[in-house]
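A short worksheet on the structure shown next.
FYI, side chains are in, hydrogens and waters are out, and symmetry mates aren't considered; it's all heavy atoms of this structure. Whatever order the structure lists ligands and atoms in, that order sets their numbers, starting from 1.
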Amino acid sequence: MTPRNLTILGATGTIGVNTLDVVARNPERFRVIALSGQHQIEKLAEQCRRFRPRYAVVLDADKARLLAAMLTGSGVEVLVGMEALERIAALPEVDSVMAAIVGAAGLRPALAAARAGKRVLLANKETLVMAGRFFMEAVRDHGATLLPIDSEHNAVYQSMPAGYDGDLAAHGVRRILLTASGGPFRARAIETLAAVTPEEAVAHPNWVMGRKISVDSATMMNKGLEVIEARWLFNARPDQIDVVIHPQSIIHSMVEYLDGSVLAQLSNPDMRTPIAHALAYPDRVEAGVNWLDLAAIGTLTFETPDLRRFPCLSLAYQALAAGGAATAVLNAANEEAVAAFLDHRLSYLGISETLDRVMQRLADLPATSLDDLTAADAAARSIARELIGAARA
Ligand code: NAD
Ligand code: MG
């Protein structure tokens with residue numbers, strides 16, 4: 001079997017590490033050509049020694065020098081900067097690109113992979129939230145293959161008819177049902193939410209994830225971003241996407257058909273399952289996950305999300321309805337607000353308040369080009385910072 005050649009963007013993060021774990025379990029199937037990382041240079045160096053890629057990319061020159069020194073004699077070439085990230089996403093010898101950088105920084109390399117016609121394994125949901133229309137156009141125009149890594153969208157993908165081409169009605173699909181765990185504050189008394197600390201917010205009951213997405217899960221902004229992500233991935237209208245809370249995180253999402261059938265994908269909450277699915281697609285490979293023991297789990301429960309508790313979920317539907325640059329504004333403001341919250345510069349409730357205000361201030365921005373979206377992103381960050389600074393004073 002000829003191995004699939006991979007680039008992993010964001011190799012040092014939670015998704016990156018899980019991806020390398022699946023790769024290591026299937027060495028005859030996958031070969032690592034390029035890795036990128038940003039903050040944990042020692043970890044990136046270790047990954048390079050173990051997986052022997054041709055290239056390793058970091059964003060800034062100081063870190064690149066440090067990494068190159070650690071990798072002397074290893075044969076790994078260290079490259080620097082956003083252009084290098086775009087380059088390793090588009091290398092001719094690479095088949096599949098895992099896009100697992102966190103936040104808006106992941107957009108340009110993911111787009112480069114799509115434009116190079118790669119199999120794009122998309123974990124970076126912010127790409128679709130910021131620039132869904134442009135990204136999906138790039139995938140279509142350049143014959144790229146898009147495989148979702150986000151567990152919900154991977155579950156939907158697996159529950160859709162094979163060869164789904166973006167026409168829900170033609171395939172008899174009535175609705176997409178995204179499941180949500182409800183995060184750590186699903187049952188906490190609403191009046192105590194004002195006092196939530198970053199440590200409490202990142203302690204997710206079922207999943208181990210990066211800090212930003214963990215806070216997004218606590219506010220349910222993560223589910224809001226996922227509704228927007230589903231809109232673009234599956235060409236669904238907002239009214240065809242519903243959210244149901246399912247605290248056990250065993251059913252990862254569902255597709256409802258016109259005849260009343262509901263198809264679901266189940267597994268233990270371990271990102272190696274969707275990662276292995278997308279890496280090997282259409283084959284199946286071992287992912288190292290525990291087999292599902294339904295009798296041990298016993299009960300699966302479901303509830304409707306309380307939008308007073310989770311205003312961020314409403315804000316995401318509002319942004320989707322507003323169209324234009326609204327979802328890019330929402331995403332950028334959210335990145336700023338979450339960073340400020342993690343840094344103790346903004347309260348937990350201040351996150352949704354900030355997003356609401358930024359969205360009101362920047363209603364109706366155009367989105368006719370990627371430049372428009374970059375400008376909307378910058379404007380939203382600047383207003384968010386101003387509001388966060390004022391809230392603190
Ligand atoms: P993480 O914080 O653990 O890792 C992020 C990676 O991106 C790291 O390798 C980091 O070095 C790199 N990075 C950070 N900032 C960067 C920048 N400005 N430029 C270039 N590289 C940068 O995050 P994660 O939890 O692995 O999530 C990655 C993406 O996958 C996010 O978009 C997240 O929403 C999505 N996702 C994650 C999970 C999960 O279970 N962790 C599930 C679904 C989707
Ligand atoms: Mg998810």
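For the residue pair S261 and D259, a side-chain donor N or O sits within less than 3.5 Å of a side-chain acceptor on the partner. Judged purely by distance below 3.5 Å, without hydrogens or angles, the side chains of S181 and H246 never pair a donor atom with an acceptor atom. When only modelled atom types and interatomic distance are considered, D377 and N331 share no side-chain donor-acceptor pair under 3.5 Å. A donor-acceptor contact closer than 3.5 angstrom is absent between the side chains of E152 and T179.
Between Y348 and F185, the distance separating the two ring centers is shorter than 6.0 angstrom. Aromatic rings of Y157 and H153 (six-membered ring for Trp) have centroids beyond the 6.0 Å cut-off, not under it.
Pocket lining of ligand 1, defined as residues with a non-hydrogen atom under 4.0 Å away: G10, A11, T12, G13, T14, I15, G37, Q38, H39, L59, A100, I101, V102, A105, A123, N124, K125, E126, D150, M209, G210, I213, M271.
Cluster annotation: I8 and M209 are assigned to the same hydrophobic cluster (Ile/Leu/Val/Met/Phe/Trp/Tyr, side-chain heavy-atom contacts under 4.5 Å, transitive).
With a 6.0 Å cutoff to the six-membered ring centre and a 45° limit on the axis angle, R87 counts as a cation-pi contact of Y55.
Ion pairing between K118 and D95 fails under the 4.0 Å rule for side-chain N and carboxylate O.
Excluding waters, the count of protein N/O/S atoms less than 2.8 Å from the Mg ion (ligand 2) comes to 3.
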